[in-house]
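Have a look at the structure below, then the notes.
What you see below is based on every heavy atom in this structure, not just the backbone, and it leaves out hydrogens, waters and symmetry mates. By convention here, the first residue in the shown sequence is residue 1.
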Amino acid sequence: MKFRPLHDRVLLRRVDSEEKTAGGIIIPDSAQEKPMEGEIVAVGSGHRDESGKVVPLDVKTGDRVVFSKWSGTEVTLEGEELLVMKESDIIGILAA
């Protein structure tokens with residue numbers, strides 16, 4: 001894929017959500033919420049501080065993250081739906 005986010009933005013892929021509840025009830029697509037978890041596909045170079053120095057991002061390609069519910073902009077690249085968002089919209093990195 002030939003896409004590189006700029007500055008403090010990241011490109012991520014949502015992970016598939018569960019289609020069943022813990023009790024085994026199947027949730028129809030229309031009732032499912034979009035997952036707030038994703039995998040980082042690409043990262044920008046970082047943001048600039050007050051002195052103009054580039055500060056690298058805390059996340060890297062391959063990290064699995066949790067992000068805010070309404071964050072990001074949906075984009076379609078090569079037929080795949082992805083999200084572009086600022087690093088500040090990411091709540092945290094999930095440990096492996």
Report summary line: Interatomic distance, CG@L12 vs CD@E37, rounded to 0.5 Å, equals 11.0 Å
Query - G52 to R48 - nearest heavy-atom pair and separation - result: O-NH1, 2.8 Å
Report summary line: Output for pair (R9 CZ, H47 NE2), nearest 0.5 Å, gives 13.0 Å
Query - Side-chain heavy-atom pair D63, I90 within 4.5 angstrom cut-off - result: no
**Report entry** Side chain D49, main chain S51, donor-acceptor under 3.5 Å
**Finding:** yes
Requested in this report: Output the distance between atom CG (D8) and atom NZ (K86), rounded to the nearest 0.5 Å.
Outcome: 4.5 Å
Query raised in the report: Taking the side chain from E74 and the backbone from E81, do they hold a donor-acceptor pair closer than 3.5 Å?
Result: no
Report task. Could you tell me which non-hydrogen atom of V65 sits nearest to which non-hydrogen atom of V59, and how far apart they are? Result -> CG1-CG1, 4.2 Å
**Report entry** Heavy-atom pair with the smallest gap, counting every atom of I93 and D58
**Finding:** CD1-O, 3.9 Å
Requested in this report: Hey, could you give me the CG/OG distance between L6 and S45, rounded to the nearest 0.5 Å?
Outcome: 7.5 Å
Query raised in the report: Looking at L57 and G46, what are the two nearest heavy atoms and their distance?
Result: CD2-CA, 3.9 Å
**Report entry** CA sep, side-chain torsions, deciding dist, call: F3, L82, side-chain contact (heavy atoms from CB on, under 4.5 Å)
**Finding:** CA-CA 11 Å; F3 182 86; L82 301 168; over 6 Å; no
Report task. Indicate the atoms forming the closest heavy-atom contact of S71 with M85, along with that distance. Result -> OG-CE, 3.7 Å
Requested in this report: Please report the shortest heavy-atom distance between F67 and G38, naming the atom on each side.
Outcome: CE2-N, 3.7 Å
Report summary line: Rounded to the nearest 0.5 angstrom, the CD1-OG1 distance for I40 and T61 is 7.5 Å
Query raised in the report: Between NZ of K69 and CD1 of I91, what distance do you get to the nearest 0.5 Å?
Result: 11.5 Å
